[in-house]
Amino acid sequence: MSKETERGGISRRNLIKGAGVVGAASLVAGLVGCVSSSQPSAGEAGGEPGSASGAQGGTGGSGPFDRNPQDESFADQSSDCAALFEPITIGGKQARNRIMKSAAGTYTYDLSYTPALEGYYADIARGGAGIVMVESLTWIIEDENTLTPLVEAIHAGGALAGMQVWGLWFNSSSEKNATSPLEQARVDIMPRGMMSVEDIHAFQDDMVAQAKMFQGNGFDILEINAGCDHTFASFLSRHLNCQRDDEYGPQSLENRARIITELIGRIKSECPGLAVQVLFNCVEENVEEMGDSELCMKPEEAVEFAKLFEAAGADSLQVRTAVFGNHAAGFFPDLMHIGAHGNTGVGTQVDYATHMAGIIDGAHEGVAAFADLCAMVKAAVSIPVGFVGDVDPRLAPATVNSAVADGKADFVVMNRPLMVDPELPNKIQAGDFEGIRPCNKCVCCFQSVVNPAGIGFCRANPAMYRAYSEEMPEGPEPLPADTVKKVLVAGGGPAGMEAAITAAKRGHQVKLFEKGGSLGGLVPFAAMVKGPHERLADYLAYQQHMLETLSVEVVTGTEVNADLVASEAPDVVISAIGGVVPETSVKVVEASKAVAFNDAMAVDLGSSVAIVGGSLRATDFANYLVNMGVKVHIVQEGAPENLAAAQAPWSRAVILSWIKSQGCVVHSGATDISVTAEGVEFTTDLGLRRTVKVDSVVLCDDLAPNGALAGLPGVEVITVGDAAAPAAIIDAVRDAHLAARGL
């Protein structure tokens, strides 16, 4: 046994090898947070070169990730998805295919009917989805015809239009509250309230009135949301429905379903011709209080509920799960693969072989995780049944298509892949998989609940939530330029490539220069190290494909300087050359203990490491190390709430929870930090001097802007990405996209 293995340390070799093991969130945006601009190649950065797409998540090694080993075979690209494009009839309404856009928070956070709202759904309909479901819009309705233009736009795009109705957690079967911030960040201001029978009947009356109004606006389908921990779900669940002794109590399946079955019957009676779909939890797990799941929904109960819904008149069903303690994991199963496979986000870890009734696929990064659950429900009823949950036919065409082709589901429900690329169905049907803008599964788009501010944006699609707004009134695709310019892009990271792609789409003459030997900055290295979860290799491949498709001239191995610019004579230079590492403010007394972040992959760090810095790079690197069995301390000058502040809120929450649960100690408010012979020494927020003994101290200073090209004479220079303001990929890509739109 080698010395490094014997002491549980981490060397360059086992760190790189372990990269394929950890998968989910090792170095999530940190090695990738600064890849928003041109950076050294993998070899130059201190890592071993390799194929990003070759990384395998959770296939070996030691540590907590062994509990749920992963199998990348789900990403089989051999299918043409033919089964998805067969027509389907729901409640007498025929859809052109079996792709349903789920009703989920997007443009409806605005409080009025906007061109952006209409354009968003119209684009998805034109993009080929068979059914476009819209989340409840009751708060923006001004009169009985407010939503008619929206329905007409969806119909004009060739899709059926569906509307969802639901109730929030303060209208509940009981007063039993969820306490986790990942469950409902705003539950403290809107606690659960136990509805009386009179309240239930008034609630049903309101739902029927909404159904009539939506049918009057032309909607084809009404979906009753009985998922998550919302009103209807709280009655189905014995975990929440635990205080009633009336006809809506937990004493029987019929009682628990009554609020829904009565509503179905009334809608079918009072809204003839309106199809009704029920979305409901078929499995529940209490991850916040792991082990307290006796009253949680089991698949056998869900089967009986499905029968009751069908008997009441439901025309179709959508199955999903509920994860008490982590709200969104009930419909985004891939969220429980961030940080580690099975990470609940609240300091616990599920074992997919036993938790969640053992019926959820935990070996495929969350992709199509509910297919077997759907099959069990589908076998019990005669109406169409579909499932949601990381359904991405671009990423896993064979897996998704076979769910329909093999009879596990009648249709599939998706959201994020259609947000990233509304044209996904049309492109799949045309066989243009390379041209599909890929969902990174970074969860930047979903901030509600964790972040009360609401909606987020998309890393890979800067037009998401901006198209048709004042920022982009022309819509998602940029308009042709009034004057064609000669554009020189310096830097071939995500920001530089996005700038070049957008400028070329507008008709400009674009030439991209990259100092390194290949495009992508640190993306290939980051994708190799962190595993496949965020599909960074896919994003890089898409950007390179678009550069080729748009005939952008790319020159690698060439640094942009004044002489090159003078010889190229561009009209404008877009500088995406990346940030610079500033001189560290940490006092290094013992140099042998200190390791620069960019060198940390190339040295033996030992079995205990202190990371100095509070950026998302620091926390993601900590996540990587704890999954390798290393004892980790994070020492940061900022306040606790500033730790990894640039990270997407959901990823930040679950990663911090995970590393802390695995023993990572965070020291916030530290000052006068020094690297000593023992480890790292600092003054605490109480003014006390403290030493943390570790084998290595990794200096993870924030990057600084790089204005090296800002002063080029005789040419307009636009600086974007980390060169302008070091942040995350989503910020860099946004700035680059908007800059190129403005040329």
key: Donor-acceptor contact below 3.5 Å, side chain R126 vs main chain G157   = no
inquiry  = Against the six-membered ring of F457, is R466 placed for a cation-pi contact (under 6.0 Å from the centre, within 45° of the normal)?
reply    = yes
key: Under 3.5 Å side-chain donor-acceptor pair for Y113 and E118   = yes
message = Among residues at least two apart in sequence or on other chains, which ones pass side-chain contact (heavy atoms from CB on, under 4.5 Å) with A396?
response = F74, V367, T399
ask   = Going by atom types alone, do N440 and R459 pair a side-chain donor with an acceptor below 3.5 Å?
value = yes
Under 3.5 Å: donor-acceptor pair, side chain of K427, backbone of G435 = yes
task = Output yes when a side-chain donor or acceptor of K441 lies under 3.5 Å from a complementary backbone atom of E365, and no otherwise.
result = no
inquiry  = If we count only N and O atoms by modelled type, under 3.5 Å, do the side chains of N426 and E423 hold a donor and an acceptor together?
reply    = yes
key: Ion pair check, E72 and R535, cut-off under 4.0 Å   = yes
message = Check whether E514 reaches the backbone of G492 with its side chain - one donor and one acceptor, N or O, closer than 3.5 Å.
response = yes
inquiry  = Return the CD to CG distance between Q429 and L84, rounded to the nearest 0.5 Å.
reply    = 10.0 Å
key: Note: E498-R734 ion pair, threshold 4.0 Å (strictly below)   = no
request  = State whether D702 and R617 are salt-bridged, where the test is any N-O pair (Lys NZ or Arg NE/NH1/NH2 against Asp/Glu carboxylate O) under 4.0 Å.
outcome  = no
inquiry  = Treating S651 as the side-chain partner and A648 as the backbone partner, does any N or O pair qualify as donor plus acceptor under 3.5 Å?
reply    = no
key: Side chain D735, main chain A732, donor-acceptor under 3.5 Å   = no
ask   = Under 3.5 Å, side chain of Q77 to main-chain N/O of P397, donor-acceptor pair present?
value = no
message = Given the ring of F433, does R394 sit roughly above its face, with NZ or CZ under 6.0 Å from the centre of the six-membered ring and within 45° of the axis?
response = no
inquiry  = Are the side chains of R416 and F446 in contact, using a 4.5 Å heavy-atom criterion?
reply    = no
Contact summary for A460 and R437, nearest pair of heavy atoms = O-NH1, 2.9 Å
inquiry  = Salt bridge or not between K511 and E553? Use side-chain N to carboxylate O under 4.0 Å.
reply    = yes
Side-chain (N706) to main-chain (G578) donor-acceptor, under 3.5 angstrom = yes
inquiry  = Are I154 and V134 packed together at the side-chain level, in the sense that at least one heavy-atom pair is separated by less than 4.5 angstrom?
reply    = yes
